[in-house]
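One structure below.
The figures here come from the full heavy-atom set of this structure, side chains too, leaving out hydrogens, waters and symmetry mates.
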Amino acid sequence: MKAFSYQRVHTPAEAVRAASEHPGARFIAGGTNLLDLMKLEIETPSHLIDVNGLQLDTIAPTAEGGLRIGALVRNTDLAADERVRRDYAVLTRALVAGASGQLRNRATTAGNLLQRTRCPYFYDTTRPCNKRHPGSGCSAIGGVTRQLAVIGASEHCIATHPSDMAVAMMALDAVVETVRADGSSRQLPLAGFYRAPGSTPHLETVLEKGELIAAVSLPPPLGGTHVYRKVRDRASYAFALLSVAAVVQADGSGRVALGGVAYTPWRLPEADALLPQGAAAVTARLLQGATPTEDNAYKVTLAERTLASVLLQVKG
């Protein structure tokens with residue numbers, strides 16, 4: 001691990017000011033992903049800004065009837081919140097499907113959204129990777145791709161986004177609230193938060209340099225039946241080969257987001273509209289234009305079958 005300096009901050013304004021003063025700075029809270037990446041020298045920040053003192057760890061109702069989740073709310077606390085369990089059950093189910101209890105006790109809402117891909121070539125520092133070193137090449141293309149993206153990828157990167165929480169939040173139409181380096185704030189719909197890899201896969205979100213996530217807002221409850229189904233190689237402590245977050249109403253309408261298939265949780269409103277027609281119609285629209293490899297073509301069939309199972313569960 002390379003040497004770095006360390007600073008505690010106490011307000012969002014102080015945090016973004018510190019980030020602007022240190023070009024190589026990174027924010028740190030739980031550190032459940034960042035510290036591992038630093039040990040491998042995949043991430044080499046010259047300055048760490050500890051944001052645990054920002055008092056962004058509460059969950060509060062919004063004037064519109066939704067919930068505002070502070071950036072520092074731990075995954076365990078978010079999953080256990082009575083309002084989340086009652087009104088946004090798909091989120092609770094996604095959170096408890098991820099990681100271990102110990103990690104969920106430390107991992108934060110903002111950190112979960114910002115965790116980096118688990119592509120094996122990203123973690124193998126002996127191999128070229130455009131996410132680690134832009135322009136060096138993508139070892140996954142032509143390599144072992146069983147876990148990797150089937151849609152939304154590019155000739156420069158075929159990695160997937162690893163979060164379970166983000167898949168549920170995509171189905172719920174979450175909005176990310178931020179503080180910019182100049183002190184202004186903005187709201188970013190999660191649907192537009194992650195950048196497509198294109199020719200710059202190292203740029204993973206639309207956050208500007210030094211921009212801090214302050215909270216995530218959920219709209220008023222959708223009602224209906226909430227299901228999160230995660231398919232993985234072992235029963236626990238594994239990232240999704242594919243996951244489905246679904247919120248389905250009594251008339252069969254609803255929303256569906258897929259995890260494990262793209263650089264972002266994958267959802268299309270036009271596919272949501274096909275839910276009453278069944279899993280085959282929804283999956284065909286969601287994965288229209290997919291370009292799977294021989295190793296991961298199974299994900300297309302797996303998506304349809306998993307969604308069909310979810311819809312059967314909804315019907316009882």
- Any sub-3.5 Å donor-acceptor pair from Arg116's side-chain atoms to Pro162's backbone N or O? no
- Query: Got a salt bridge between Arg83 and Asp81, using NZ or NE/NH1/NH2 to carboxylate O under 4.0 Å?
  - Reply: yes
- Query: Counting only N and O atoms by type, is there a donor-acceptor contact under 3.5 Å from the side chain of Thr108 to the main-chain atoms of Ala29?
  - Reply: no
- Query: Just by modelled atom types, is the Ala97 backbone N or O under 3.5 Å from a matching donor or acceptor in the Lys230 side chain?
  - Reply: yes
- Item | Donor-acceptor contact present, side-chain Thr76 to main-chain Arg104, <3.5 Å | yes
- Query: If only atom types and distance count, is the side chain of Arg132 paired as donor or acceptor with the main-chain N or O of Arg127 below 3.5 Å?
  - Reply: yes
- Query: Taking side chain as C-beta onward, heavy atoms only, is Leu48 less than 4.5 Å from Met38?
  - Reply: yes
- Message: Determine whether Asp50 and Arg26 satisfy the following criterion, salt bridge (Lys or Arg N to Asp or Glu O under 4.0 Å), listing intermediate values before the conclusion.
- Response: CA-CA 9 Å; Asp50 188 334; Arg26 287 292 305 274; over 6 Å; no
- Would you check if the side chain of Lys299 reaches a backbone N or O of Gln147 as a donor-acceptor pair within less than 3.5 Å? yes
- Message: If only side-chain N and O atoms count, and only distance matters, is there a donor-acceptor pair under 3.5 Å linking Thr160 with Tyr263?
- Response: no
- Item | Side chain proximity check, Arg68 to Glu177, heavy atoms < 4.5 angstrom | yes
- Following the transitive rule for hydrophobic clusters with a side-chain heavy-atom cut-off under 4.5 Å over Ile, Leu, Val, Met, Phe, Trp and Tyr, establish whether Val261 and Leu190 coincide in one cluster. yes
- Query: Any Lys/Arg nitrogen of Glu204 or Lys131 sitting under 4.0 Å from an Asp/Glu carboxylate oxygen of the other?
  - Reply: yes
- Whether Ser20 side chain and Arg17 backbone form a donor-acceptor pair below 3.5 Å: yes
- Do Ser185 and Arg180 have a side chain donor and acceptor closer than 3.5 Å? no
- With a 3.5 Å cut-off and no angle check, do the side chains of Asn112 and Thr109 form a donor-acceptor pair? no
- Query: Taking Thr92 for the side chain and Ala79 for the main chain, is one N or O donor matched with an acceptor at less than 3.5 Å?
  - Reply: yes
- Compute the centroid of each ring, for Tyr88 and then for His226, and state whether the two points are separated by less than 6.0 Å. no
- Query: So, Asp295 versus Thr293: side-chain donor-acceptor pair below 3.5 Å or not?
  - Reply: no
- Item | Charged N-O contact under 4.0 Å between Arg267 and Asp272 | yes
- Query: Taking NZ, NE, NH1 and NH2 as the nitrogens, is one of them in Asp164 or Arg93 under 4.0 Å from a carboxylate oxygen of the other?
  - Reply: no
- Item | Check: Arg305 main-chain N/O paired with Ser309 side-chain donor or acceptor under 3.5 Å | no
- Query: Should the ring pair His22 and His47 be called parallel, tilted or perpendicular, given that the plane angle runs from 0 to 90° and is split at 30 and 60?
  - Reply: parallel
- Query: Would you say the side-chain atoms of Glu14 pair up with the backbone N or O of His10, donor to acceptor, closer than 3.5 Å?
  - Reply: yes
